[in-house]
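Working notes, structure below.
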Amino acid sequence: MRLINRHGRKRRLATILTTSIFLSIGVLIFVVILQNYQVNRDVVEQEVARTKQQTSSLVQEIFNLRVKSLEITQDSYSRNPTLIAGTRSKNSQILDSFFNSIDQLSPDIAPDFRYISSDNEIIWDDANLQFYGISSEQINSLSKGMVTGLGWHISQSPSALGMRYLSMRRTAIVDSNSGEVVGYLYIGFVLNNNFALVNAFSKSGNADEILLAVGSEIIASSSKRQQEKYSEWLEQSSKSLSDGRYMVSRTDLTINNVPTFVSVYTVQSNEHVQAFVRSHYVWILVTTLFVVCITIYTRVWLGKRVSNELKSLMRYTETTIQEQKASKFVGSSIKEFDQIAGSFERSFKRLHEQEKQFTELFNFSLSPITLWNIDGKLDRVNPAAERSFRRGAVQDQLIRNLRPHIKMCAQGATLTGINTTIDHKTFRWNLSPISSDNRITHIMAQGQDITTFIEAERQSEAAREQAEESARARADFLARMSHELRTPLNGILGVSQLLKGKMKDKQDLEHMEILCNSGEHLLAVLNDILDFSKIEQGKFHIEKNAFRLIELTSTVDKIFKPLCDSKGVEFIVESDIDNQLWVYSDQVRLNQIIFNLVSNAVKFTHQGSVKIRLNVECQNNDCLFSIDVQDSGIGIEKARLTDIFEPFVQAEATTTREYGGSGLGLAIVHSLVTIMDGKITLDSQLGQGTQFSVEIPLQIGQEQLSRHAGLEADPATLFSEVIHVLLVEDNHTNAFIAKAFCEKYGMRVSWVVDGLKAIEVLKADNSISLVLMDNQLPNLGGIEATDIIRHDLGLSVPIYACTADGMQETENEFLRAGANYVIVKPIKEVALNKAFIHFKRHHYSLVE
């Protein structure tokens, strides 16, 4: 069985397998052999280096031993009486007899030459220097150079036989009785052709050949070869760790650790290393031949075994494809081929089932399916498409509408969501190419009649637009209602605050406090409606400030205790809050959560008690504020507990008729708690009461240092001079209240009723330092007037807007028009105090 290469070359699978396997094995073996060779070579080189080092040490030790023996012998007989007597008398016969007797006793350690000097002249020598061709004048010259020390002196001296290299030592001949130096004994040895030294190296150094050299000149050798040819070879061989025929070691001789100019070369046979290398090469060759033989045998075996199994497998696949029927494979003796054949068998079965399913889907699908060629010609349709496009004119529309998309799909694109209108119906098509042998042959288009869906989308869009319009209308209505309600409420709260500041009697102050609280209650109801509208539109914001947490307790006690007392219901407030604990959060929203929960409890409780527990647990810079409101009221059915936080929902339909209310309080509480990252739980039993539990995380804040009767700054001392304020307000009550508040700060107020008159005043009077601008004004509104003042007149006078609708859009429009600050009505003295502090910090210095 052959595999066809795409470039035309055919290779057998067995060849590929064996080539791959044995190429990998061959590379592995080559790497192993190479590594082994490298390791062995390193070992050989290390051994050669160690041997050379040992040889050099041994040569040096032999040389040291010979020199030391000469020193000891020389020093031992330098004090001999016979030598002293012969030196004193300068008797050559005595001296000759003395040294002959010594040489006969120790002939191996006799020096090459001796001579004795006394009174700066040589009185005796053994005549060996003449044998080496050195004259008496040269002896005198050498002696003069040795004036101090007992060490060896290395020197060279020309002679009749050429340059001689000498090693000499001098010792004093001393009379031991008188201590007199009677002369000097000189000994030495000649390195040239010093066969005694060479033989000593040869015997003890385990070397085949010994050579002494000075530089590139060989001065002694253990062989009779032409040594001048050896000098360059010796120098190169001694520096390398070769595995050649010879191993050369060089030793630079020293005497008493003083370098000399003499080098000793030892030449040793390297046959054992060469034998090892040859053996290594032989094993490499044997291993290579073994791998080649195994490769050839395996190639033949695999070629026969694998090819037969592959032929059986290919016959099975070709038969299955031709018959288009998934038959069972007879099996293979090779496990992997058997698994491959099993996979083929399962794949053919799945393919046959998929083709069958596709045929059934194509024929029985309720959606129209069409099959096109790449030229845009319709080849085949299913029954559903035939029913939809059986008429010729309708089929022409189908071809005309889809042909451009078919041609695009023929380039390889897959198209989805293509809408076409055919015979007054809308169809949505998905088109995908069908490939065979990496070539697109057909395009399948599946359609769906979405006429009803399109109509539903149109109706849904219309309903959405209608809902948005309704929401806009509701928002506009809430803005107008907020303005109409806040305007009289502004008068109530404003006058109440002005009167409260002038009252001295305690009872009158309490009555006025109740009036203010009632106005605040009415304002809270209005805020509930506006807050829920903001929450629905996702425009609700949390404004955090630092405040004393204990203020929440006093506020709820003042408002609800009189209501409970009038109903005969016990009102209990428990708190473990520290009086000096300041937190950083939205005080208004926390008050709103407590107010709505307590108001709900008081409303539905006719006897018993309403109990409020306010607790706080602080750790590091974070606190967990807990609110528990428990009543003994009418309670809630368990079936209604899951819906109680929905807007406009109360416990029963009769509840609304009996107790009233909008049903927004608990919905707002749930939304506020969620926005502030808290959680709320509810536990209630019908006829026994209800308990709400709220947990809200807070941050510890810093204490406000400046407080004056609830205000951040004292009105009497805030400004150092009279500020001229232009008040733009169409409502007389609101104008009266705002003017009264401004006069407490020593301000001079000019009042106009609309935007046009405000523009005229600003054109004529440049002493105005601040403008308080209402929103809804006759003739010209506050936003339009602000825009004209900023952009048409180009005035930079600070404009503080006053709006009663409380909507974020109105505030943003004022700021875009050029306002510097926005105050929400009804105007409270605390809010106005903050506004004037803002004016002083950001604009007062410009006025001055």
Side-chain angles (χ1 to χ4, degrees), residues 3-7 314 317-318 320-326 340 342-465:
L3 298 179
I4 300 177
N5 191 290
R6 291 190 177 276
H7 299 287
M314 294 302 295
T317 56
E318 290 175 357
T320 303
I321 293 172
Q322 291 174 359
E323 296 179 357
Q324 295 185 352
K325 183 176 67 174
I340 293 173
S343 300
F344 283 169
E345 183 179 341
R346 290 190 295 272
S347 299
F348 289 144
K349 287 182 178 179
R350 284 197 297 268
L351 182 61
H352 180 70
E353 291 173 358
Q354 289 174 358
E355 290 178 351
K356 182 179 179 182
Q357 291 174 359
F358 176 77
T359 302
E360 293 177 351
L361 177 65
F362 186 83
N363 292 328
F364 299 106
S365 175
L366 298 178
S367 299
I369 302 175
T370 58
L371 197 64
W372 307 70
N373 63 19
I374 58 176
D375 296 326
K377 182 179 179 182
L378 184 61
D379 286 350
R380 184 181 173 188
V381 298
N382 71 337
E386 187 176 359
R387 288 192 298 271
S388 300
F389 313 115
R390 65 166 56 96
R391 289 185 296 140
V394 176
Q395 192 173 101
D396 291 341
Q397 289 185 20
L398 171 68
I399 297 173
R400 187 168 54 253
N401 290 336
L402 286 185
R403 181 170 288 169
H405 304 293
I406 296 297
K407 292 185 177 180
M408 187 181 300
C409 233
Q411 304 299 321
T414 299
L415 306 179
T416 59
I418 304 299
N419 293 345
T420 61
T421 301
I422 301 173
D423 194 22
H424 307 293
K425 293 182 180 181
T426 302
F427 291 87
R428 179 166 293 169
W429 299 90
N430 294 329
L431 296 88
S432 59
I434 300 175
S435 300
S436 177
D437 295 331
N438 295 326
R439 184 173 61 88
I440 297 175
T441 58
H442 292 84
I443 292 91
M444 185 176 68
Q446 181 179 10
Q448 182 182 7
D449 188 353
I450 60 169
T451 305
T452 56
F453 295 158
I454 294 296
E455 185 61 28
E457 285 181 359
R458 292 195 188 101
Q459 295 177 3
S460 175
E461 181 66 20
R464 185 183 64 80
E465 293 177 355

- request: Check whether any side-chain N or O of Asn373 sits under 3.5 Å from a backbone N or O of Leu378 as a donor-acceptor pair, and report yes or no.
  value: no

message: Counting C-beta onward and ignoring hydrogens, is there a side-chain heavy-atom pair between Ile399 and Phe389 closer than 4.5 Å?
response: no

message: Restricting to non-hydrogen atoms, name the atom on Ala413 and the atom on Pro433 that form the minimum distance, rounded to 0.1 Å.
response: O-CD, 3.5 Å

task: Find the distance between CD1 (Ile443) and CE (Met408) and round it off to the nearest 0.5 Å.
output: 12.0 Å

field: Taking every non-hydrogen atom, the tightest pair across Cys409 and Thr414
entry: SG-CA, 4.3 Å

query: Quick one: which of Thr452, Ile454, Thr451 gives a side chain to side chain contact (heavy atoms under 4.5 Å, CB included) with Lys425?
result: Thr451

- prompt: Can you tell me how far CD of Glu465 sits from OG of Ser460, rounded to the nearest 0.5 angstrom?
  reply: 10.0 Å

- prompt: For Ile440 and Ser435, which heavy atoms make the closest approach, and how far apart are they?
  reply: CG1-OG, 3.8 Å

- line: Between the CG atom in Asn382 and the CD atom in Gln446, the distance rounded to the nearest 0.5 Å is 8.5 Å

field: Closest contact, heavy atoms only, Leu431 versus Ile406
entry: CD2-CD1, 3.3 Å

- prompt: More than 12 heavy atoms of other residues, nucleotides or ligands under 6.0 Å from CD of Glu455: is that the case?
  reply: yes

field: Interatomic distance, Ile422 atom CD1 to Gln395 atom CD [nearest 0.5 angstrom]
entry: 10.5 Å

statement: Smallest heavy-atom separation, Ser367 atom then Ala384 atom, equals O-CB, 3.6 Å

field: Asp449 CG to Thr426 OG1 distance, which is reported to the nearest 0.5 Å
entry: 7.5 Å

- request: Measure the spacing between CZ of Phe427 and CD of Gln448 and express it to the nearest 0.5 Å.
  value: 10.0 Å

- prompt: Any side-chain heavy atom of Arg428 within less than 4.5 Å of one from Phe453?
  reply: no

task: Answer yes or no: does atom CZ of Arg464 have more than 12 heavy-atom neighbours from other residues, nucleotides or ligands under 6.0 Å?
output: yes

- request: Identify which one of Leu415, Asn419, Leu402 satisfies the side chain to side chain contact (heavy atoms under 4.5 Å, CB included) criterion when paired with Trp429.
  value: Leu402

